[in-house]
**Student:** 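Before I ask anything, here is the structure I am working with.
In this text, all values refer to a predicted model and were calculated from it rather than measured experimentally. Proteins get letters first, then strands, A, B, ... in listed order; numbering begins at 1 in each.
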Amino acid sequence: MRISRSFIPTLKEIPADATIPSHRLMLRAGLMRQLTGGVYAYLPMMVRALHKAERIIREEMNAIGGQEFLLPALNPESLWVQTGRRNIPNFILSVKERDLVLAPTHEEVIGWLGAMHIQSYKDLPQIWYQIQTKFRNEPRPRSGVLRGRQFTMKDSYTLDRTWEDLDTGYDLHAEAYRKIFSRCGLKFFVVGASSGAMGGTGSQEFMVESEHGEDTVAKCPACDYAANLEIATSGLSAVGRATDHGAPEKIDTPNVKTIDELAAFLNVPHERLAKSRIYLHDSKPVLILTVGNDQVNETKLGAALGGGEYRAASPEDLRATTGADAGSIGPIGFKGRIIADLRLKNANGLISGANVNDLHLRNIDLTRDVPKLEYADVRSVENGEPCPSCGQALRVTNAIELGHIFKLGTKYSEALNIRYLDESGQSQLVIMGSYGIGLERILACAIEQGHDENGIVWPAALAPFDVHVVAVNMNNSDIVLHAHQTYRQLQQAGLTVLLDDRSSVSPGFKFKDADLLGMPVQVIVGEKGLKNGQLELKVRKRGERSMVPVDGVVAGVQDLLKSL
RNA sequence: CGGGAUGUAGCUCAGCCCGGUUAGAGCGCUUGCCUUGGGCGCAAGAGGCCGGAGGUUCGAAUCCUCUCAUCCCGACCA
């Protein structure tokens, strides 16, 4: 493609609204423009990169027996009412004029097709996938293409007879995903994840470590343990039992509010302090007890509560339900459900609030003093805690979710009545899995991992073009001749080539653009080299330059591409 | 949904507190000349309902009210 005839609107200045590198560079390199919040127009460079990612995905999905579909983004609202997902908050965008919604994912449509046409065990298993635009009612789109209201997703679904077959389809997907992301040149890792209300027996996420990621994960540097913080555990020991000093007794703690203040005031270790938080679960107060400054993980809490809506209580709620303010709340005398973190299992000798301001209780024994106490893992793992499987210090970092694979089970089969007849003529529920990859996130992650102060450094597998040929001066007929000749030769060798043949653009400008656009190899056609019958090759990644004779340019470029 | 910020030329911004000629700069764009190995130079131009609506005032980009949009932090995120 010749730049002189192309639409590649590069920007010299950094767009004010973009804060993370991938977002800035996608705008600066002319990949996309924002139409409205969370919605982007993808320009030719972006589309070429997307197509390259799509091709890799199709190859790997087809390799595991996937069949490609293209399902409608417009769905009847009633289908989503059937599965109970119509009114999930911040999920579905709808159409004003008709009872239609814009699909945020496609379990429902897959289910509709499956219910209609899967009849016999002979029809199973199936792997169905598509690459298609999704819509979500994101309350706060951000970070460019990382969280948008409209985005491209490869979604696939397995339909199986048994849980064992589901495992097979799930494992095939896990392996395909590894290949896809490896081929895309991304450094990624896999974490155990929360299946949340999706139900089923398990889920994993494919993550790229990034300070700009919105997920938090715990990773073990020594073994292969890695988990989303929503389910991560650590080897941190329970606080256990201490010497018993009898019944709970009151202690005055004037103006002592935080755990740190309390530990200092009483001169006791944090492990003997049980912190209470109140949540409202379906409008009923629930008290959550954790050790010291341990943080409550709300996803874990949601699982422990067993569904329903919940939120942290407001200061007014605290006063109304306990009679005290934050800092003086405790389990003794609390009327309502109490859930203690597993680290507090059967603990005694604890200090907690007395539900009277400026008053605490000591010698609390959970086994003796708190009837009907429930235990659950509700705390967030902290950086540096021991790995649950090998004991090494865990690292807690942010990450971008590239893909997510779910064992769904029968949730949608039940809602949509997706059934087949087994060998004995019995009607059975189909067992489903669902698997997603965010296409734009692949590109954004590639840029987050591959850029420098001058611009994008595309991995060869995703680069819009293999080679960027810079004709230094279009007023020099020798340069023009060799630039076009090089362009043709590289194309004939099967490479995709971008030729900067703009006249009246200075060499410096072209070099800056070439670095910004980020193709893996640049060929510089200029007077300097041609004097000696040579062209210059530059590797974008490390900036290495070399000279090749004019007739050796194809081989030279191919060698460099192979070496990347 | 809570908190914060910003809307002035295609882009990045100044001007606004403290109201008053014809609203500015740099970049980009057009034309001409010049230059050709790291966003080149000179000159002449085009380009704005100062996000929108109401109000205060003799007079509003500037003050007030409302509204819309965008960004950031948090909440949320099947």
**Student:** What is the distance, rounded to the nearest whole Å, between atom CD1 of I479(A) and atom C1' of G37(B)?
**Tutor:** 9 Å
**Student:** Would you kindly say whether Y177(A) and Q204(A) are connected by a side-chain donor-acceptor distance under 3.5 Å?
**Tutor:** no
**Student:** Quick one: F7(A) CZ to G10(B) P, roughly how many Å, whole number?
**Tutor:** 15 Å
**Student:** Report all side-chain donor-acceptor pairs from residues 398-406 of chain A shorter than 3.5 Å, counting only partners two or more places apart or in another chain.
**Tutor:**
{"unit_1": "E401(A)", "atom_1": "OE2", "unit_2": "H404(A)", "atom_2": "ND1", "d": "3.1"}
{"unit_1": "H404(A)", "atom_1": "NE2", "unit_2": "S203(A)", "atom_2": "OG", "d": "2.8"}

**Student:** When you compare C29(B) with G4(B), how far apart are their P atoms, in angstrom units rounded to a whole number?
**Tutor:** 41 Å
**Student:** Rounding to the closest angstrom, what is the interatomic distance between G48(B) and A23(B) at atom C1'?
**Tutor:** 9 Å
**Student:** Does K12(A) place a side-chain N or O at less than 4.0 Å from the phosphate oxygens OP1/OP2 of G28(B)?
**Tutor:** yes
**Student:** Say whether E544(A) and S546(A), considering side chains only, have a donor N or O and an acceptor N or O under 3.5 Å apart.
**Tutor:** no
**Student:** G19(B) and G55(B): how far apart are their C1' atoms, nearest whole angstrom?
**Tutor:** 15 Å
**Student:** Base, sugar-phosphate or nothing for T36(A)? Non-hydrogen atoms, less than 4.0 Å.
**Tutor:** sugar-phosphate
**Student:** Rounded to whole angstroms, how far apart are CZ on R33(A) and P on C11(B)?
**Tutor:** 9 Å
**Student:** Of the residues in residues 518-527 of chain A, which ones touch RNA chain B at a heavy-atom distance under 4.0 Å?
**Tutor:** I524(A), G526(A)
**Student:** Which nucleotide, if any, forms a Watson-Crick or G-U wobble pair with A43(B), using both distances under 3.5 Å?
**Tutor:** U31(B)
**Student:** Starting at atom CZ of F509(A), determine the distance to atom P of G39(B), rounded to an integer number of angstrom.
**Tutor:** 11 Å
**Student:** Between E13(A) and T105(A), which has a closest nucleotide on RNA chain B that is more 5'?
**Tutor:** E13(A)
**Student:** Counting primed atoms plus P, OP1 and OP2 as sugar-phosphate and everything else as base, spell out the protein contacts along nucleotides 72-77 of chain B at 4.0 Å heavy-atom distance: B, S or - for each nucleotide, 5' to 3'.
**Tutor:** BBBBBB
**Student:** Please determine if E107(A) and K411(A) form a salt bridge, counting it only when a charged side-chain N lies under 4.0 Å from a carboxylate O.
**Tutor:** no
**Student:** Would you jot down, in residue-number order, the residues of residues 530-544 of chain A having a non-hydrogen atom under 4.0 Å from RNA chain B?
**Tutor:** E536(A), K538(A)
**Student:** Within the supplied structure, the quantity of interest is the number of heavy atoms (other residues, nucleotides, ligands) at a distance under 6.0 Å from K284(A) NZ; does it exceed 12?
**Tutor:** no
**Student:** CZ of F511(A) versus P of C40(B): gap in Å, rounded?
**Tutor:** 13 Å
**Student:** Once you apply the 3.5 Å cut-off to both distances, tell me the Watson-Crick or G-U wobble partner of G24(B), or none.
**Tutor:** C13(B)
**Student:** Across all strands shown, which nucleotide pairs with C63(B) by Watson-Crick or G-U wobble geometry, both distances under 3.5 Å?
**Tutor:** G55(B)
**Student:** Determine, for K407(A) against D160(A), whether the closest basic-nitrogen to carboxylate-oxygen distance falls under 4.0 angstrom.
**Tutor:** no
**Student:** Aromatic rings F181(A) and F206(A): how do their planes relate, parallel, tilted or perpendicular, breaks at 30° and 60°?
**Tutor:** tilted
**Student:** Could you give the CD1-to-P distance, from I110(A) to A78(B), as a whole number of Å?
**Tutor:** 20 Å
**Student:** Check the side chains of E205(A) and N228(A) for a donor-acceptor pair under 3.5 angstrom, ignoring hydrogens and angles.
**Tutor:** yes
**Student:** Would you mind telling me which residue lines up with the more 5' stretch of RNA chain B, A16(A) or K528(A), judged by nearest nucleotide?
**Tutor:** A16(A)
**Student:** Just how far, in rounded Å, is C1' of C40(B) from NZ of K512(A)?
**Tutor:** 14 Å
**Student:** Which residues pass the ring pair (Phe, Tyr, Trp, His ring centres under 6.0 Å) test with F69(A), sequence neighbours left out?
**Tutor:** W128(A)
**Student:** What are the two closest non-hydrogen atoms of A29(A) and L517(A), and how far apart are they?
**Tutor:** O-CD2, 3.3 Å
**Student:** NA contact type, R28(A), heavy-atom cut-off 4.0 Å: base, sugar-phosphate, or nothing?
**Tutor:** base
**Student:** Return the pairing partner of C71(B) with a 3.5 Å limit on both distances, Watson-Crick or G-U wobble; otherwise return none.
**Tutor:** G4(B)
**Student:** Can you tell me how far P in C64(B) sits from the matching atom in C77(B), rounded to whole Å?
**Tutor:** 39 Å
**Student:** In this structure, how many angstroms lie between the C1' atom of G37(B) and the CE atom of M547(A), rounded?
**Tutor:** 11 Å
**Student:** According to the salt bridge (charged side-chain N to carboxylate O under 4.0 Å, His left out) rule, which pairs have a member within residues 519-536 of chain A, sequence neighbours left out?
**Tutor:** E536(A)-R545(A)
**Student:** Is it true that the side chains of N297(A) and E230(A) contain a donor and an acceptor less than 3.5 Å apart?
**Tutor:** no
**Student:** At under 4.0 Å between heavy atoms, what does R545(A) touch on the DNA or RNA strands: base, sugar-phosphate, or nothing?
**Tutor:** base
**Student:** How far, in whole Å, is G59(B) from U21(B) if one measures between their P atoms?
**Tutor:** 15 Å
**Student:** Measuring only the P atom in each nucleotide, how far is U57(B) from C16(B)? A whole number of Å is fine.
**Tutor:** 24 Å
**Student:** Do the side-chain N and O atoms of Y310(A) and E298(A) include a donor-acceptor pair separated by under 3.5 angstrom?
**Tutor:** no
**Student:** Looking at every strand, decide which applies to N476(A) at a 4.0 Å heavy-atom threshold: base, sugar-phosphate, or nothing.
**Tutor:** nothing
**Student:** What distance, rounded to whole Å, do you find between the two P atoms, one in A60(B) and one in A69(B)?
**Tutor:** 28 Å
**Student:** Does a distance-only test, which skips hydrogens and angles, find a donor-acceptor pair under 3.5 Å between the side chain of D515(A) and the base of G38(B)?
**Tutor:** yes
**Student:** Using the side-chain heavy atoms of Q34(A), tell me which of these nucleotides is nearest: U70(B), G38(B), U12(B).
**Tutor:** U70(B)
**Student:** I'd like to know if the side chain of H212(A) pairs up with that of S143(A) as donor and acceptor (distance under 3.5 Å, no hydrogens or angles considered).
**Tutor:** no
**Student:** Rounding to an integer number of angstrom, what distance separates G15(B) and A78(B) when you compare their P atoms?
**Tutor:** 44 Å
**Student:** Would you indicate what G455(A) reaches in the nucleic acid, counting non-hydrogen atoms under 4.0 angstrom: base, sugar-phosphate, or nothing?
**Tutor:** nothing
